[in-house]
Colleague: 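After the structure tokens below, expect a handful of questions from me.
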Amino acid sequence: MAGKNKVEKSFRIQFDDSGGTARDLSGDLVPGSVSGGGFTFDEADMTGVSNANYNYLRGHAMSEITATFHLNDTATTGATTVINGHNAGTGIGTLTLQWGASGAAPTTGDLEWEGEYVIFGGPISLDGNKFVHQCTFKPTGSTAPAFGTVS
């Protein structure tokens, strides 16, 4: 995790490989590239003609997560291996984000976001003279992702 600041060193991102084994992809994560965790809700405009101001209703929740990983084809654990392992299957796995306290690695009781996600691609592009995967994960299944704690 060289080149990462104190906050980034306390963050972990894990995704299941195609066999269902959780793999820690944090070492291949491009610093500052994760976006997501938690919910963003649609806004349904409920304003009527006679209303003096806008009225809204909270719509469906979205929980897209994006992250960029350096190419790493290390057998079983590299980001490239894990991401490409989903090409022939459903692309579904458990995605876990964990935040450690005070710049330390996440431990029991620290905040965690977890759920079943489908990976919608990991196209390769060039970023600062290095090749990277730009990944998009979206929730899937009947159980919504949720906050919890590291066990």
Side-chain angles (χ1 to χ4, degrees), residues 1 3-18 20-71 79-80 82-128 130-151:
M1 300 181 113
K4 296 186 179 188
N5 65 35
K6 184 177 180 180
V7 172
E8 289 165 332
K9 287 180 181 179
S10 70
F11 176 76
R12 297 290 180 272
I13 183 168
Q14 301 168 23
F15 190 59
D16 288 352
D17 64 17
S18 59
T21 301
R23 301 294 183 183
D24 188 348
L25 304 180
S26 306
D28 297 328
L29 185 65
V30 173
S33 70
V34 173
S35 176
F39 292 115
T40 303
F41 293 88
D42 288 333
E43 295 177 8
D45 186 357
M46 303 295 288
T47 309
V49 175
S50 63
N51 291 122
N53 62 304
Y54 285 99
N55 292 300
Y56 292 94
L57 177 69
R58 185 169 81 171
H60 292 285
M62 294 176 281
S63 183
E64 178 177 288
I65 295 174
T66 59
T68 304
F69 301 96
H70 293 290
L71 267 65
T80 305
V82 173
I83 293 162
N84 287 337
H86 285 283
N87 288 342
T90 63
I92 295 172
T94 301
L95 181 67
T96 305
L97 308 179
Q98 297 175 332
W99 294 269
S102 303
T107 60
T108 303
D110 285 337
L111 186 62
E112 174 178 270
W113 176 261
E114 186 172 77
E116 291 298 301
Y117 278 78
V118 60
I119 185 168
F120 277 94
I124 296 173
S125 63
L126 187 61
D127 180 23
K130 293 183 180 180
F131 285 100
V132 296
H133 291 282
Q134 296 174 323
C135 299
T136 301
F137 303 89
K138 294 190 179 190
T140 189
S142 59
T143 303
F147 280 108
T149 57
V150 176
S151 53

Colleague: Roughly how far, to the nearest 0.5 Å, is the CD atom of Gln14 from the CG atom of Leu97?
Modeller: 9.0 Å
Colleague: May I ask you to test the Thr143-Glu116 pair for a side-chain heavy-atom distance under 4.5 Å?
Modeller: no
Colleague: Measure the spacing between CD1 of Ile124 and CD1 of Ile83 and express it to the nearest 0.5 Å.
Modeller: 9.0 Å
Colleague: Which pair of heavy atoms, one from Val30 and one from Ser33, lies closest together, and at what distance?
Modeller: O-OG, 2.7 Å
Colleague: For residues Leu25 and Ala79, report the shortest heavy-atom separation together with the two atoms involved.
Modeller: CD2-CA, 3.9 Å
Colleague: Would you call the rings of Phe147 and Trp113 parallel, tilted or perpendicular, where under 30° means parallel and over 60° means perpendicular?
Modeller: perpendicular
Colleague: For the side chain of Ser26 and the backbone of Ile13, is there at least one donor-acceptor N/O pair under 3.5 Å apart?
Modeller: yes
Colleague: Out of curiosity, Thr68 OG1 to Lys130 NZ, how far, rounded to the nearest 0.5 Å?
Modeller: 13.0 Å
Colleague: Report yes if the side chains of Thr80 and His133 come closer than 4.5 Å at any heavy-atom pair, otherwise no.
Modeller: yes
Colleague: Is there side-chain contact between Asp45 and Tyr56, with at least one heavy-atom pair below 4.5 Å?
Modeller: yes
Colleague: Minimum heavy-atom separation for Thr47 to Asn55, with atom names?
Modeller: OG1-N, 3.0 Å
Colleague: Okay, side chain of Tyr117, backbone of Ser63: is any donor-acceptor separation there less than 3.5 Å?
Modeller: yes
Colleague: Looking at every heavy atom in both Asp24 and Arg12, which two are closest together, and how far apart are they?
Modeller: OD2-CD, 3.5 Å
Colleague: Taking Ala105's backbone N and O only, do any of them form a donor-acceptor pair with Ser10's side chain (distance below 3.5 Å, no angle check)?
Modeller: no
Colleague: Any side-chain heavy atom of His70 within less than 4.5 Å of one from Val132?
Modeller: yes
Colleague: Taking His86 for the side chain and Asp16 for the main chain, is one N or O donor matched with an acceptor at less than 3.5 Å?
Modeller: yes
Colleague: Can you see which heavy atom on Asp110 is nearest to which on Trp99, and at what distance?
Modeller: CB-O, 3.2 Å
Colleague: With rounding to the nearest 0.5 angstrom, report the CG to CZ distance, Leu71 to Phe131.
Modeller: 8.0 Å
Colleague: At what distance, to the nearest 0.5 angstrom, does CG of Asp28 lie from CZ of Phe69?
Modeller: 8.0 Å
Colleague: With heavy-atom distances below 4.5 Å as the criterion, would you say the side chains of Asp42 and Met62 are in contact?
Modeller: yes
Colleague: How long is the gap from OG1 on Thr96 to CZ on Arg23, to the nearest 0.5 Å?
Modeller: 13.5 Å
